[in-house]
Trainee: 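Let me give you the structure first, and then I'll get to my questions.
Just so it is clear: chains get the letters A, B, ... in the order the sequence lines come, proteins before strands, and each one is counted from 1.
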Amino acid sequence: MATDRTFSLSTTRSGVTHRWSQTLIPTAREAPSDAETPSHILLSRAGFIRKVAAGVYDYLPLAWRTLTKISAIVRQEMDDAGSRELFMPVIVPMEFYSETRRHEAYGPLLFQLDDRKGNRIALGPTHEETITEMVKGSVNSYKQLPLSLYQIQTKFRDEARPRAGLLRCREFIMKDAYSFHVAIDGPGGLNDGYDAMYKAYVNIFTRCGLDFTVVEAESGPIGGSASHEFMVNCASGEDTILKCPVSGYAANVEKCEIGERPRGAFIEPPTGELTEVHTPNLPGIEEVGKFMKVKPDRMLKTIVFQVTGPAQSDGPAPAHKWIIAAVRGDHEVNEGKVKAMSGYAVQLAEEKSARAAGFAIGYVSPRTINSVPGTLLLIDADASLGGFWATGSDEPDHHVKHFNWRRDVGAALDDISRVKVGDLRNALAGDPSPRSPGARLETGRGIEVGHIFKLGTKYSDAMGLKVLDQQQKQQAVIMGCYGIGVSRTMAACVEMSHDDNGIIWPAPIAPYHVLITLMKPDDPRQQETARTLAASLADRGADVLIDDRDERPGVKFKDADLIGLPVRITIGDKALEQGGVELKARRDPGKGEVVAMADVTGRCVTLLQAG
RNA sequence: CAGGGUGUAGCUCAGUUUGGUAGAGCGUGUGGUUUGGGUCCACAAGGUCGCAGGUUCAAAUCCUGUCACCCUGACCA
């Protein structure tokens with residue numbers, strides 16, 4: 001159907017009308033064998049995506065329409081939040097990383113290639129360097145700030161293991177935004193810009209029709225709640241999120257604090273003689289526990305970290321070389337908490353050097369605080385309690401029973417420069433909430449679709465992005481950066497919203513709003529009805545797909561459910577004889593109902609506005 | 001990167017153990033039939049058996065190498 005292209009200053013949005021026979025929607029009864037997750041299976045079967053290589057996909061017409069709609073919402077909200085769109089190249093010259101050294105941080109994740117002159121080139125995994133370089137050449141004065149810029153671009157990351165279709169790709173579409181400020185606080189400061197982005201993100205994901213949770217994520221260099229992740233709630237999500245039902249506090253596992261827990265005073269008497277047990281060839285806590293007939297929650301897991309420097313680059317030199325972190329056997333050490341409690345930058349100890357220093361890796365006990373010089377012992381509250389404990393014996397293939405803090409570690413426990421007790425492990429469901437006394441944390445799963453954080457001067461320092469401030473002094477620009485996985489959002493939406501028969505699109509990001517199915521595509525009366533309805537719907541801004549294929553009804557209905565457009569209108573003789581057509585919302589079960597012709601458009605619009 | 005697995009028609013797979021020159025279902029095309037939830041029938045097109053080398057009279061099948069892809073884990077600003 002021809003659209004009126006006459007020139008006008010502003011166009012009232014009118015919907016499109018497309019015919020199935022004129023677009024490419026290769027639906028399939030079976031999904032490719034490598035598809036396992038619902039979004040991968042359904043997007044493949046419904047003809048949205050095709051795999052080109054591992055983690056690389058074609059976006060077919062339906063997918064592209066949805067991606068365009070997500071992008072349109074992103075653009076509107078970003079523009080409203082004062083950010084301006086630009087477009088930067090995929091190609092990043094390797095020189096851009098010479099100062100930030102991020103190619104080292106990224107490692108093999110960075111796609112690289114050589115041009116014909118032998119120059120090394122990267123395919124951008126994100127664009128901090130490119131935009132910092134660009135702004136450096138264009139902004140010199142505080143008067144030009146604050147500034148916020150964004151783009152929607154294809155990004156490249158050579159993931160070790162792409163998986164789950166669009167959820168973890170090597171080539172994907174991302175909206176990335178960067179903000180530039182002279183101050184952290186006050187009008188126009190980083191915090192202002194960050195809050196504006198936070199609100200824009202809430203608007204974006206709400207408008208997309210997603211069920212999502214905003215969680216606190218690992219803080220940036222500025223501290224506080226400087227980073228948030230936007231997670232689509234869905235059981236198949238890769239990430240665990242924790243929520244306090246009373247205060248509304250939510251955080252990811254890396255970040256989640258745990259409320260006050262009882263801790264030991266190290267005065268309990270031993271439960272028995274320290275007994276050594278031969279435990280050969282047992283790789284994990286689980287196996288060792290079974291062998292010794294001790295439950296994991298009665299074992300102490302002792303993890304060795306090495307100190308790599310002060311927590312802040314300008315901090316004092318570390319007084320320790322090693323950190324041993326003791327948690328209950330059924331708990332997991334949280335590296336961020338090890339950092340926070342120790343005040344050092346740390347990494348998991350390299351096995352060779354740790355052995356050389358005297359740690360029997362795999363069999364370490366807290367007693368090594370007394371045997372390896374320069375060691376700091378951190379104990380999780382739950383592990384500091386009294387009672388029976390089993391732990392390593394500090395020699396290969398042996399563990400001990402009846403470990404007792406006071407008897408076996410001794411006076412070091414009273415020296416706060418050598419031993420600290422606190423929150424050291426990943427939070428779990430049922431843990432005390434850190435924000436609301438008496439409340440318990442709950443867990444859920446999520447898919448990360450957005451991430452915002454405060455960068456501070458990390459890039460401007462490294463790359464020399466400075467402006468002259470009001471006092472005519474050079475000052476490093478303070479930055480924030482804000483990402484949305486556009487293609488991942490589409491997949492996350494399918495994960496969140498589908499049934500056995502197919503996708504169930506929320507109206508705002510459905511490829512089309514209404515599917516008009518002709519039972520007899522050759523029947524002039526049905527054709528005329530379809531044309532009339534489509535024109536009327538398009539007038540109201542609805543995008544319409546007309547299934548004009550000469551297929552059996554069963555095939556058309558199955559395909560309709562599969563591609564998941566929010567509203568289906570079926571034009572057939574039965575309803576026409578009653579002076580109407582059949583109307584059905586995708587999310588409603590059953591057959592739909594016959595609606596009088598005059599009411600159809602109104603009913604559709606109502607259904608679509610409801611989501 | 002470690003461990004496991006798979007590459008045969010557009011898709012899902014059988015055939016490989018025991019070598020003899022390639023099959024099914026779905027999909028596609030043609031004809032008929034059927035017409036409100038993946039009709040039924042007939043005929044047809046479609047495959048360098050991932051790639052390279054080797055053994056053999058003969059290789060999808062055995063051997064060697066290589067590439068790709070998948071799963072679990074590690075990793076994931």
Trainee: Any sub-3.5 Å donor-acceptor pair from A:D547's side-chain atoms to A:R549's backbone N or O?
Mentor: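 Between the backbone of A:R549 and the side chain of A:D547 there is a qualifying donor-acceptor contact (under 3.5 Å).
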Trainee: Could you give the CD1-to-P distance, from A:I49 to B:C11, as a whole number of Å?
Mentor: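 Roughly 15 Å, once rounded to whole Å.
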Trainee: Determine whether the side chains of A:N191 and A:K454 contain a donor N or O and an acceptor N or O closer than 3.5 Å.
Mentor: yes
Trainee: Which listed nucleotide (B:G73, B:C70, B:G37) is nearest to the side chain of A:K591?
Mentor: B:G37
Trainee: Under 3.5 Å for both donor-acceptor distances, Watson-Crick or wobble: does B:C69 have a partner, and if so which one?
Mentor: B:G5
Trainee: Would you indicate, yes or no, if B:U72 has its OP1 or OP2 atom less than 4.0 angstrom from a side-chain nitrogen or oxygen of A:R161?
Mentor: yes
Trainee: Please classify the nucleic acid contact of A:A31 as base, sugar-phosphate, or nothing, using heavy-atom distances under 4.0 Å.
Mentor: sugar-phosphate
Trainee: Would you classify A:R50 as touching base, sugar-phosphate or nothing, given that sugar-phosphate means primed atoms plus P, OP1 and OP2, and contacts are heavy atoms under 4.0 Å?
Mentor: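 Contact class for A:R50: none.
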Trainee: Can you tell me the distance, in whole Å, between the CG atom of A:D34 and the P atom of B:C70?
Mentor: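 Computing the A:D34:CG to B:C70:P distance gives 6 Å.
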Trainee: A:R568 CZ to B:G37 P: how many Å, rounded?
Mentor: 11 Å
Trainee: Could you tell me how far B:G54 sits from B:G38 if I compare only their C1' atoms? Round to whole Å.
Mentor: 48 Å
Trainee: Please work out if A:S33 contacts a base, only the sugar-phosphate, or nothing of the nucleic acid, heavy-atom cut-off 4.0 Å.
Mentor: sugar-phosphate
Trainee: Say we look at B:G47 and B:C13: how far apart would their C1' atoms be, to the nearest angstrom?
Mentor: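 B:G47 and B:C13 have their C1' atoms separated by 14 Å.
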Trainee: Kindly point out which of B:A77, B:C69, B:U12 is positioned nearest to the side chain of A:E30?
Mentor: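 Of B:A77, B:C69, B:U12, B:U12 is nearest to the side chain of A:E30.
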Trainee: So which one's nearest nucleotide on RNA chain B is more toward 5', A:K520 or A:V555?
Mentor: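 By nearest-heavy-atom nucleotide position, the 5'-most residue is A:K520.
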Trainee: Return the orientation label for the A:Y194 and A:H228 ring planes: parallel under 30°, perpendicular over 60°, tilted otherwise.
Mentor: tilted
Trainee: Identify which nucleotide among B:G38, B:C69, B:U35 has an atom closest to any side-chain atom of A:R29, counting heavy atoms from C-beta outward.
Mentor: B:G38
Trainee: Out of B:C71, B:G37, B:C26, which has the shortest distance to the side chain of A:E36?
Mentor: B:C71
Trainee: Go through A:L123 and A:V92 one step at a time and tell me if the side chain to side chain contact (heavy atoms under 4.5 Å, CB included) criterion holds.
Mentor: CA-CA 6 Å; A:L123 303 180; A:V92 180; over 6 Å; no
Trainee: If you take atom types as modelled and just measure distance, does the side chain of A:R45 reach the base of B:G27 with a donor-acceptor pair under 3.5 Å?
Mentor: no
Trainee: To the nearest 0.5 Å, tell me how far A:E254 CD sits from A:K337 NZ.
Mentor: 10.5 Å
Trainee: Closest approach to the side chain of A:E551, judged atom by atom: which nucleotide of B:G25, B:U28, B:C71 is it?
Mentor: B:U28
Trainee: Between B:G32 and B:C69, how many Å separate the two C1' atoms, rounded to a whole number?
Mentor: 43 Å
Trainee: Counting heavy atoms from C-beta on, name the nucleotide in B:C75, B:G37, B:U34 closest to the side chain of A:K558.
Mentor: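 Side chain of A:K558 sits closest to B:G37.
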Trainee: Under 3.5 Å, is there an N or O donor on one side and an acceptor on the other linking the side chain of A:R102 and the base of B:A77?
Mentor: no
Trainee: Both distances below 3.5 Å, Watson-Crick or wobble geometry, any strand: find the nucleotide opposite B:U34.
Mentor: none
Trainee: Whole angstrom is fine here: how far is it from CD in A:E229 over to P in B:A77?
Mentor: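 My rounded result for the distance is 9 Å.
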Trainee: Does a nitrogen or oxygen in the side chain of A:R552 sit under 4.0 Å from OP1 or OP2 of B:U39?
Mentor: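 For B:U39, OP1/OP2 do have a side-chain N/O of A:R552 under 4.0 Å.
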Trainee: Nearest-Å distance, CD (A:E238) to C1' (B:C71)?
Mentor: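 So the two atoms are 14 Å apart, to the nearest Å.
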Trainee: Looking only at side-chain atoms of A:R163, point me to the closest of B:C75, B:C70, B:G37.
Mentor: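 Within the option list, the nearest is B:C75.
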Trainee: Want to settle it: does A:K584 or A:K51 sit nearer the 5' end of RNA chain B, counting the closest nucleotide to each?
Mentor: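 First, find each residue's nearest nucleotide; the 5'-ward one identifies A:K584.
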